[in-house]
Participant: 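This is the structure, below, for whatever I ask next.
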Amino acid sequence: MKARYRYRIYPTDQQHNQLARAFGCARVVYNDALALCHQGEKLPKNSELQKICITQAKKTEKRSWLKDVSNIVLQQSIIDLGTAWNNYFDSLKGKRKGKKIGKPRFKKRRNSQSIRFRKGGFTVKNNNLKLAKIGRVKTVWSRELPSEPSSVTIVKDSCNRYFASFVVEIQPV
């Protein structure tokens, strides 16, 4: 069974800037990919979207600043878009429980933002959290992680507080 463990983190001023850049780049890639999905009749695959919105976009002068952010964050935003489309189609077909959900919407620049790192984009050793292209972030560990985390989501809330939310595998009691 999977569970989330959430901890408060305290990034330095330089890490604030790097996280803000990562939040913005993930949002731009997500919105570019969603715009491409709206243009065509058929929904493109995630690999095609990554090729266009990340790899080719980095080569243009207009989006060259995407190189400053970890590629894992950008890829994860496109994977999240694919999941949103799958949830929408499952909702239409009745495969998804609950009320019907709408199509994915463009992300706005608002107070709460988040990015996700999967394996390879972060490490947790000796109670130190290290994020790709951001560095070691001071974390307040209120409890131990029961197992090795599979991903971490960095969240900035409306009060400018930062949190690290780890997904771990636990044994049900």
Side-chain angles (χ1 to χ4, degrees), residues 2 4 6 9 11 13-122 131-135 137 149-167:
K2 292 188 179 188
R4 282 200 174 269
R6 186 175 177 185
I9 60 173
D13 289 339
Q14 182 182 4
Q15 289 171 339
H16 273 281
N17 294 335
Q18 291 169 329
L19 285 169
R21 186 176 293 130
F23 292 138
C25 289
R27 183 179 63 249
V28 165
V29 167
Y30 182 94
N31 288 342
D32 288 349
L34 185 57
L36 278 174
C37 291
H38 285 302
Q39 286 177 359
E41 293 176 18
K42 189 178 176 189
L43 202 62
K45 294 181 181 178
N46 284 353
S47 58
E48 295 171 16
L49 290 173
Q50 286 180 6
K51 198 180 299 180
I52 295 167
C53 297
I54 299 172
T55 310
Q56 292 176 0
K58 284 182 179 180
K59 295 176 184 175
T60 65
E61 206 172 303
K62 186 179 176 185
R63 297 266 195 256
S64 63
W65 40 266
L66 289 175
K67 295 175 189 173
D68 299 339
V69 177
S70 173
N71 208 31
I72 292 172
V73 171
L74 304 179
Q75 291 171 351
Q76 192 62 46
S77 66
I78 290 183
I79 292 168
D80 291 343
L81 176 63
T83 303
W85 279 112
N86 287 338
N87 289 342
Y88 168 67
F89 291 129
D90 286 349
S91 177
L92 284 179
K93 295 175 187 174
K95 292 181 183 178
R96 185 179 167 93
K97 292 182 181 177
K99 67 176 194 173
K100 298 217 182 293
I101 59 172
K103 289 183 181 179
R105 296 181 184 172
F106 289 98
K107 287 192 176 185
K108 297 177 182 175
R109 184 177 179 185
R110 56 177 194 250
N111 290 331
S112 67
Q113 301 175 28
S114 66
I115 53 174
R116 185 173 19 236
F117 292 88
R118 61 180 189 275
K119 289 228 183 221
F122 74 99
L131 302 172
K133 289 202 176 181
I134 293 173
V137 181
S150 61
S151 70
V152 62
T153 303
I154 305 299
V155 179
K156 177 188 155 214
D157 68 5
S158 59
C159 298
N160 285 334
R161 296 178 300 184
Y162 290 84
F163 298 92
S165 179
F166 296 94
V167 175

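Throughout, numbering of the chain's residues begins at 1 and tracks the sequence.
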Participant: How long is the gap from NZ on K67 to NZ on K58, to the nearest 0.5 Å?
Facilitator: 8.5 Å
Participant: Applying side-chain contact (heavy atoms from CB on, under 4.5 Å), run through W65 and V28 and close with a yes or a no.
Facilitator: CA-CA 11 Å; W65 40 266; V28 165; 3.8 Å; yes
Participant: Donor-acceptor check, side chain of S91 to backbone of I101, threshold 3.5 angstrom: yes or no?
Facilitator: yes
Participant: Kindly check if the number of other-residue, nucleotide or ligand heavy atoms within 6.0 Å of NZ (K100) is above 12?
Facilitator: yes
Participant: Output all residues satisfying salt bridge (Lys or Arg N to Asp or Glu O under 4.0 Å) with R63, sequence neighbours left out; order by chain, then residue number.
Facilitator: D32
Participant: With I115 as reference, evaluate V73, L131, V69, I72 under the side-chain contact (heavy atoms from CB on, under 4.5 Å) test and give the passing residue.
Facilitator: V73
Participant: About how many Å separate NZ of K2 and CZ of R4, when rounded to the nearest 0.5 Å?
Facilitator: 10.0 Å
Participant: Using 30° and 60° as the class boundaries, would you call the ring planes of W85 and H38 parallel, tilted or perpendicular?
Facilitator: perpendicular
Participant: Could you tell me the separation between the CZ atom of R21 and the NE2 atom of H16, rounded to the nearest 0.5 Å?
Facilitator: 14.0 Å
Participant: In Å and rounded to the nearest 0.5 Å, what is the CD1 to CZ distance from I9 to R161?
Facilitator: 12.5 Å
Participant: Given side-chain contact (heavy atoms from CB on, under 4.5 Å), test L36 with L49 step by step and report yes or no.
Facilitator: CA-CA 8 Å; L36 278 174; L49 290 173; 4.1 Å; yes
Participant: Any idea which heavy atoms bring F122 and S151 closest together, and the distance?
Facilitator: CE2-CA, 3.7 Å
Participant: Determine yes or no for a side-chain-to-main-chain donor-acceptor pair under 3.5 angstrom, with D90 supplying the side chain and R96 the backbone.
Facilitator: no
Participant: Do Q76 and R118 make a side-chain contact, defined as non-hydrogen atoms from C-beta onward lying under 4.5 Å apart?
Facilitator: yes
Participant: Answer yes or no: is there a side-chain heavy-atom contact under 4.5 Å between V137 and Q15?
Facilitator: yes
Participant: Report the C-alpha distance between Q18 and K133 in whole Å, list the side-chain angles of each, state the deciding distance to 0.1 Å, and finish with yes or no for side-chain contact (heavy atoms from CB on, under 4.5 Å).
Facilitator: CA-CA 8 Å; Q18 291 169 329; K133 289 202 176 181; over 6 Å; no
Participant: Quick check: do I134 and F117 have side-chain heavy atoms less than 4.5 Å from each other?
Facilitator: yes
Participant: Roughly how far, to the nearest 0.5 Å, is CG of L81 from CG of N46?
Facilitator: 7.5 Å
Participant: Measure the SG-CD distance between C53 and Q75 for me, rounded to the nearest 0.5 Å.
Facilitator: 12.5 Å
Participant: Sequence neighbours left out, what passes ring-ring contact (aromatic ring centres under 6.0 Å, His included) with F166? Give chain and number order.
Facilitator: Y7, W141
Participant: Is there a side-chain contact (heavy atoms from CB on, under 4.5 Å) between D157 and F163 once you walk through the steps?
Facilitator: CA-CA 8 Å; D157 68 5; F163 298 92; 3.6 Å; yes
Participant: Side-chain contact test, heavy atoms from C-beta onward, threshold under 4.5 Å: evaluate it for R116 versus V152 and give yes or no.
Facilitator: no
Participant: Can you confirm whether K51 is buried at NZ, in the sense that more than 12 heavy atoms of other residues, nucleotides or ligands lie under 6.0 Å from that atom?
Facilitator: no
Participant: Looking only at heavy atoms, what is the nearest atom pair of R105 and Y30, with distance?
Facilitator: O-CE2, 3.4 Å
